[in-house]
Amino acid sequence: MLKIYNTLTRNKQTFVPIHVNKVQMYVCGMTVYDYCHIGHARVMVVFDMISRWFRASDYEVTYVRNITDVDDKIIQRANDNKESIGELTQRFIDAMDEDAAQLGVIRPNLEPRATTHIDAMIAMISRLIEKGHAYAADNGDVFYAVRSFDGYGKLSGKSLDDLRAGERVEVDSAKKDPLDFVLWKAVKPNEPNWDSPWGPGRPGWHIECSAMSAQHLGEHFDIHGGGQDLQFPHHENEIAQSEATHSCQMANYWMHNGFVRVDDEKMSKSLGNFFTIRTVLETYDAEVVRFFILRAHYRSPLNYSDKHLDDAKAALTRLYTALRGIDANVNAIDWNHPQAVRFKAAMDDDFNTPEAMAVLFDLAKIKTSESLSLLKSLGRVLGLLQDDPEAFLQRKHYVMNLEPGHYDLKGGNLDFNVNAGLSDEKINTMINSRTEAKKAKNYEEADRVRQELADAGIVLEDTPQGTTWRRA
RNA sequence: GGCGCGAUAGCAAAGCGGUUAUGCCGUGGCCUGCAAAGCCAUUUAGGCCGGUUCGACUCCGGCUCGCGCCUCCA
């Protein structure tokens, strides 16, 4: 029995799908005007893990993750760059796809874009006006009348009377109530626009998710997810739009992943304390980053630092080391195996990946061919451990980067190596010379070679089958 | 001001009213020409104050501290 923490009820609830054995899931994706950062990586990886677990549990999953390809920041950035918003957004969609692929994120079933759903949004806004939930202002903007919807605030636990609209932002005078939010923005100079009954303009942010989720999943669907920061106002507004339009509940379960933090502060664009995925991947293996993300529960805050990634790398290395040199095939999982039972119980408990990972380490310790095969199979459920162990262990995890603040030499357990870029050929040549020295009992020379390689970040391991190596 | 979340060993991070979480790091040992890996052993817990209970890290209350949302943000 799968239980999910539902933000709407603030409780863990047994998951009951609307349609037997099917899951419809809508997740708010990215606004594509820049490279994705680690916070975005967390959303992608977390909901990828969730969709994988549903599939492993024999659900037929329809996973929709939208792309916001028109908004203020996109328009501004495109104007700054003197290019069209289409050129700008396509470039960053491509970058996002690359980042996601590296992180082992399976593509969602559908990735609808706002700009190709303008008609559906206009239709929805029209219905909201007809039903008395929205109004067109004199300036051509259309607003949602927040107080026309009884349930406003039910997701975020806010009360309209307690919200302090305009305390930090100037209130738009065209609004009847300061808390009303925009559904349609009248065109301004140098902005892309579409025709509408209210004149040329473009959609507000929230309406795209209401329109696209209804079009692709229906008016009532199972799960709606996204980052915690979208809970209010974005998701609250989506509910107001969708439920007022359709007169039925929008989503049964609302899921929100926790923030990535830096020095105990939220990682965000506005604070400027973010690390892009591609920057991090210059230093750390993508699977290490995925492992790092899944090592914490998805609702908990996740502190980002090089030290934590080093720790994740060491832990993942242990699992790959266990898988080394054996035929661990990915087989159909025997869900009656005691460790598989534990794993399933953990995942069924609101996707408790830290507990599920503890099972992985226990399997690595048991170290029978059966347990290692199960380790690899369960790893696949999490999108981990599918690489060839030697390939993982010999990959260049580190590159030279001694810029201040980039690497904590005191906290890290691994030092940077200037010569980490030794070629495989060079390494093998040195290993061969050491082997010769060993044969001649010239241990002094053998140890000299070992030390030289160690200084370059290469660890040698003598086994009955010969000498193998890995990168520290 | 309103609303919400959290506080676990050196670091990270879970479950659980009584029985080893797990990983990294540290220490001792086995193994090894020396190592590495692995294995065995081992040191470090549950913010503070009360309450409930035979028994609380786990439930309840208060306090302190940290964080988040109330504005675009994953």
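All chains are named by letter (A, B, ...) in the order of the sequence lines, taking the proteins before the strands, and each is independently numbered beginning at 1.
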Parallel, tilted or perpendicular, judged at 30° and 60°: which one describes the rings of [X] and [Y]?
X      : Y      : answer
A:F292 : A:Y304 : perpendicular
A:F291 : A:F361 : perpendicular
A:H37  : A:F274 : tilted

Rounded distance in Å between the [atom1] positions of [N] and [M]:
N     : M     : atom1 : result
B:U19 : B:C3  : C1'   : 40 Å
B:C63 : B:G4  : P     : 15 Å
B:C57 : B:A21 : P     : 13 Å
B:U44 : B:C11 : P     : 15 Å
B:C25 : B:G17 : C1'   : 32 Å
B:G23 : B:U58 : C1'   : 23 Å

What is the separation between atom [atom1] on [X] and atom [atom2] on [N], rounded to the nearest whole Å?
X      : N     : atom1 : atom2 : answer
A:Y320 : B:G23 : OH    : P     : 18 Å
A:K439 : B:G33 : NZ    : P     : 16 Å
A:K266 : B:C70 : NZ    : C1'   : 12 Å
A:L309 : B:C11 : CG    : P     : 18 Å
A:F232 : B:C69 : CZ    : P     : 13 Å
A:M30  : B:A74 : CE    : C1'   : 7 Å
A:L460 : B:A35 : CG    : C1'   : 9 Å
A:L316 : B:C24 : CG    : P     : 11 Å

Using a heavy-atom cut-off of 4.0 Å across all strands, would you classify [X] as base, sugar-phosphate, or nothing?
X      : value
A:D462 : base
A:G226 : sugar-phosphate
A:R448 : nothing
A:K73  : base
A:D229 : base
A:A315 : sugar-phosphate
A:S268 : base
A:T468 : nothing

Around atom CZ of A:R380, are there more than 12 heavy atoms from other residues, nucleotides or ligands closer than 6.0 Å?
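Atom CZ in A:R380 is not packed in, count stays at 12 or less.
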Donor-acceptor pair under 3.5 Å: do we get one between A:R42's side chain and the base of B:A74?
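Between B:A74 and A:R42, which were checked side chain against base, a qualifying N/O pair under 3.5 Å is absent.
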Mark yes or no for a side-chain to base donor-acceptor pair under 3.5 Å between A:D447 and B:G33, with no hydrogen or angle criteria applied.
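Under the 3.5 Å cut-off, the side chain and the base do form a donor-acceptor pair.
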For [X] and [Y], which I'm curious about, is there any donor-acceptor pair between the side chains at under 3.5 Å?
X      : Y      : value
A:H308 : A:S305 : yes
A:D222 : A:Y26  : no
A:N303 : A:D264 : yes
A:Q451 : A:D447 : no

Return the nearest nucleotide to the side chain of [X]; candidates are [options].
X      : options             : result
A:E461 : B:A37, B:A74, B:C34 : B:A37
A:N352 : B:C72, B:G15, B:A74 : B:G15
A:E355 : B:A37, B:G15, B:C11 : B:G15
A:H40  : B:A13, B:C11, B:A74 : B:A74

Contacting residues from residues 253-261 of chain A, given that a heavy atom lies under 4.0 angstrom of RNA chain B
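Residues of residues 253-261 of chain A under 4.0 Å from RNA chain B: A:N257, A:G258, A:F259, A:V260, A:R261.
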Would you list the protein and nucleotides 39-41 of chain B atom pairs, both N or O, that sit under 3.5 Å from each other?
unit_1 : atom_1 : unit_2 : atom_2 : d
B:C39  : OP1    : A:R318 : NH2    : 3.4

Any A:R295 side-chain nitrogen or oxygen under 4.0 Å from OP1 or OP2 of B:G23
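The answer is no; no side-chain N or O of A:R295 sits under 4.0 Å from OP1 or OP2.
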Below 4.5 Å, heavy atoms only, C-beta onward: do A:D462 and A:K438 meet side chain to side chain?
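Heavy-atom side-chain distance check passes, below 4.5 Å.
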Which ranges of RNA chain B pair up as stems, where a stem means three or more consecutive Watson-Crick or G-U pairs with both distances under 3.5 Å?
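Stems for RNA chain B, defined as runs of 3 or more consecutive pairs: B:1-7 with B:64-70, B:10-12 with B:22-24, B:26-30 with B:38-42, B:47-51 with B:59-63.
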Distance check, rounded to the nearest 0.5 Å: A:T7 atom OG1 versus A:H235 atom NE2?
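Rounded to the nearest 0.5 Å, the OG1-NE2 separation comes to 9.0 Å.
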Listing request: all salt bridge (Lys or Arg N to Asp or Glu O under 4.0 Å) pairs with a residue in residues 25-54 of chain A, at least two apart in sequence or in separate chains.
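Every salt bridge (Lys or Arg N to Asp or Glu O under 4.0 Å) pair that includes a residue of residues 25-54 of chain A, provided the two are not neighbours, is A:D34-A:R77, A:D48-A:R52, A:D48-A:R290.
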Counting primed atoms plus P, OP1 and OP2 as sugar-phosphate and everything else as base, spell out the protein contacts along nucleotides 3-10 of chain B at 4.0 Å heavy-atom distance: B, S or - for each nucleotide, 5' to 3'.
S-------
On RNA chain B, does the nearest nucleotide to A:A358 precede the nearest nucleotide to A:H234 from the 5' side, or the other way round? Give the residue.
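That would be A:A358.
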Side-chain ion pair, A:D161 and A:R147, N-O less than 4.0 Å
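Salt bridge flag = yes for A:R147 with A:D161.
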Can A:E444 and A:R448 be counted as an ion pair, charged N to O under 4.0 angstrom?
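Salt bridge: no.
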Could I get the full list of side chain to side chain contact (heavy atoms under 4.5 Å, CB included) partners for A:K154, not counting sequence neighbours?
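Scan of A:K154 (side chain to side chain contact (heavy atoms under 4.5 Å, CB included), adjacent residues dropped) gives A:L8, A:E236, A:I239, A:E243.
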Please identify which of these residues, A:F149, A:F143, A:F232, A:Y144, meets the ring-ring contact (aromatic ring centres under 6.0 Å, His included) condition with A:F181.
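With A:F181 as partner, A:F149, A:F143, A:F232, A:Y144 yield a single ring-ring contact (aromatic ring centres under 6.0 Å, His included), made by A:Y144.
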Do A:F15 and A:Y253 have ring centres separated by under 6.0 Å?
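Yes, the ring of A:F15 comes within the 6.0 Å limit of the ring of A:Y253, centre to centre.
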Please step through side-chain hydrogen bond (donor to acceptor under 3.5 Å, both in side chains) for the pair A:N109 and A:T62, ending with a clear verdict.
CA-CA 6 Å; A:N109 297 271; A:T62 306; 5.4 Å; no
